[in-house]
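Data first, discussion second: the structure below is written as structure tokens.
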Amino acid sequence: MDVMGVPERSRTARVRLRLAAWWEANARDLPWRFGRATPWGILVSEVMSQQTQMSRVVPYWTAWMERWPDAAALAAAPKSDVIGAWGRLGYPRRALRLQECARVVAGACGDELPRTYDALVALPGVGDYTASAVMSFAYGERIAVVDTNIRRVLSRVFAGEESRGGAASAAERALAAAVLPGDDGSDGAGSDDDDDVPRDVSRDSGDVPHDVSRDGSRIPSVMWNQSVMELGALVCTAKNPLCGHCPVRDDCAFLAAGRPGLGERRTRPRQRFRGTDRQVRGIVLDALRGLPAASEQSAGRASVLERATVETLWKDHAQLDRCVASLDEDGLIEILPGGAIRLPR
DNA sequence: TTCCAGAACG
DNA sequence: CGTTCAGGAA
């Protein structure tokens, strides 16, 4: 067993070493990994990945970064182009927040992404997860990243139970901090200074052999974070985990306990999508996206949807008006006199 | 049906 | 702490 939630040392060590080896052999070759992206590019990938599968993100990220390689470029773009390029990624408010973020970075930050958690988490659209992910993945700083995948994996492996729904608990954060390589006192990596993690982190997070100590304590924290998350995405999935192929199956408390409550729904049932405001908002926005983008227009001709056209998009006009109003409040559209709508400049 | 690298707001 | 906010694919 363990004491006060801190896993037995040898088990933690085995998990670290096996996961590191698994990562080297199985990490997906995502375009922002392995030193191919700037810190800004990594931030963009994280924002796009919020509540969105990586497989869908890849083509959007590639086109986005080619068009707007840095924060200054995105900051200067017309909103309508930004909303258009977001396409069908979902949650389009993220696109607007990302541009607001770019404007802050390009302005107040001198076009350089902040290097501290506090400064990152203060940016628009950047919460605890994204700030931690950038600190770890972009800068190699030693910080525990906590997302739903990591919560699920750590909870299963070390606590032998399913992670609870809702926000991460204090216990989950404590567990993530406890098993993060490099700080359990006698762990060898020593202080909070992470000199063993090069600035060009990504190069060392996958394609270069590592000189790790026997207890795994010198495995870079960035590799640990990424490998735990990757395991959660590819093997230790919510409903049908591939325990037979798991690199840490011999040390998993959840598997040893017979996988109690596997895939148990801990969260409130999700709102159905069909017929919701979210669907209607998506339909309205999609209609606007189909019009010529602002950057492609000839002067004097606006990409406007007349009111009569808007009304054809959804039968329930009360709901339609509610959604048009909420899109306007979110800054995703503009309502013109007479009820026509367009994407904002 | 279900799932999925969250954040902001009241 | 509860809600809202998309969309696609297995």
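Small disclaimer: the values here were computed from a predicted structure and weren't measured. Every chain is numbered from 1 and lettered A, B, ... according to where its sequence line falls, protein lines coming before strand lines.
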Check: Do A:Tyr139 and A:Leu113 touch side chain to side chain, with heavy atoms closer than 4.5 Å?
Finding: yes
Check: Is any side-chain nitrogen or oxygen of A:Gln53 closer than 4.0 Å to OP1 or OP2 of B:dC4?
Finding: no
Checklist line | Under-4.0 Å side-chain N/O to phosphate OP1/OP2 contact, A:Arg94 with B:dA7 | finding: no
Next item on the list: Check the distance between B:dA7's P and A:Arg278's CZ and give it to me in whole angstrom.
Entry: 16 Å
Note to self: Base, sugar-phosphate or nothing for A:Asp128? Non-hydrogen atoms, less than 4.0 Å.
What the structure shows: sugar-phosphate
Check: Pairs in or reaching into residues 228-240 of chain A: which pass side chain to side chain donor-acceptor pair (under 3.5 Å), with residues at least two apart or in two chains?
Finding: A:Arg28-A:Glu230, A:Arg33-A:Glu230
Check: Separation of A:Gln51 atom CD from B:dA8 atom P, in whole Å?
Finding: 13 Å
Notebook entry, point to check: Nearest to the side chain of A:Arg56 - C:dC5, B:dA5, C:dG8?
Noted result: C:dG8
Check: With a non-hydrogen cut-off below 4.0 angstrom, is A:Leu30 in contact with a base, only sugar-phosphate, or nothing?
Finding: base
Note to self: Per the ring-ring contact (aromatic ring centres under 6.0 Å, His included) rule, what does the pair list look like for residues 226-245 of chain A, sequence neighbours excluded?
What the structure shows: none
Checklist line | Phosphate OP1/OP2 of B:dA7 contacted by A:Thr130 side-chain N/O (<4.0 Å) | finding: yes
Margin query: Base, sugar-phosphate or nothing for A:Thr148? Non-hydrogen atoms, less than 4.0 Å.
Written below: sugar-phosphate
Next item on the list: Give the nucleotide from the list C:dT4, C:dA6, C:dG7 with an atom nearest to the side chain of A:Arg289.
Entry: C:dG7
Note to self: Does A:Asp250 form a salt bridge (Lys or Arg N to Asp or Glu O under 4.0 Å) with A:Arg14? I'd like the steps, not just the answer.
What the structure shows: CA-CA 9 Å; A:Asp250 294 340; A:Arg14 286 194 299 273; over 6 Å; no
Item checked: Flag for A:Thr130-A:Gln50: side-chain donor and acceptor within less than 3.5 Å -> yes
Check: Across the strands shown, which category fits A:Val126 at heavy-atom distances under 4.0 angstrom: base, sugar-phosphate, nothing?
Finding: sugar-phosphate
Margin query: Measure CG/A:Asp330 against C1'/B:dC9 and give the value in whole Å, please.
Written below: 11 Å
Check: What nucleic acid atoms does A:Arg274 come within less than 4.0 Å of, heavy atoms only: base, sugar-phosphate, or nothing?
Finding: nothing
Checklist line | Interatomic distance, A:Leu332 CG vs C:dG7 P [rounded to whole Å] | finding: 11 Å
Notebook entry, point to check: Over how many whole Å does the gap from A:Ile333 atom CD1 to C:dC5 atom C1' extend?
Noted result: 15 Å
Note to self: Tell me if the side-chain of A:Gln50 makes a donor-acceptor pair with the base of B:dG6, cut-off 3.5 Å, by modelled atom types.
What the structure shows: no
Item checked: Distance, rounded to the nearest Å, where A:Leu285 contributes CG and C:dC5 contributes P -> 13 Å
Next item on the list: Assess whether ring-ring contact (aromatic ring centres under 6.0 Å, His included) is satisfied between A:Trp86 and A:Trp64, documenting all intermediate values.
Entry: CA-CA 8 Å; A:Trp86 197 259; A:Trp64 188 281; 5.6 Å; yes
Check: Heavy atoms under 4.0 Å, any strand shown: does A:Ala167 hit a base, just sugar-phosphate, or nothing?
Finding: nothing
Item checked: A:Thr237 or A:Pro124, whichever maps to the more 5' nucleotide of DNA chain B -> A:Thr237
Next item on the list: From the options C:dG7, B:dT2, B:dA5, select the nucleotide whose nearest atom is closest to the side chain of A:Phe273.
Entry: C:dG7
Check: Please give, in whole Å, the distance from B:dG6 P to A:Tyr91 OH?
Finding: 10 Å
Next item on the list: Calculate, to the nearest 0.5 Å, the distance between atoms CG and CH2 belonging to A:Leu17 and A:Trp22 respectively.
Entry: 15.5 Å
Item checked: Residue closer to the 5' end of DNA chain C, A:Ser326 versus A:Arg88 (nearest nucleotide) -> A:Ser326
Note to self: With a cut-off of less than 4.0 Å, is there a side-chain N or O of A:Arg97 near OP1 or OP2 of B:dG6?
What the structure shows: no
Next item on the list: Could you check which of C:dC5, C:dG7, B:dC4 has an atom nearest any side-chain atom of A:Ala238?
Entry: B:dC4
Item checked: P atoms of C:dA10 and B:dA5, separation to the nearest Å -> 15 Å
Item checked: Which nucleotide in B:dG6, B:dT2, B:dA5 has an atom nearest any side-chain atom of A:Met229 -> B:dA5
Item checked: Nearest-angstrom distance from the residue atom CE of A:Met54 to P of B:dG6 -> 10 Å
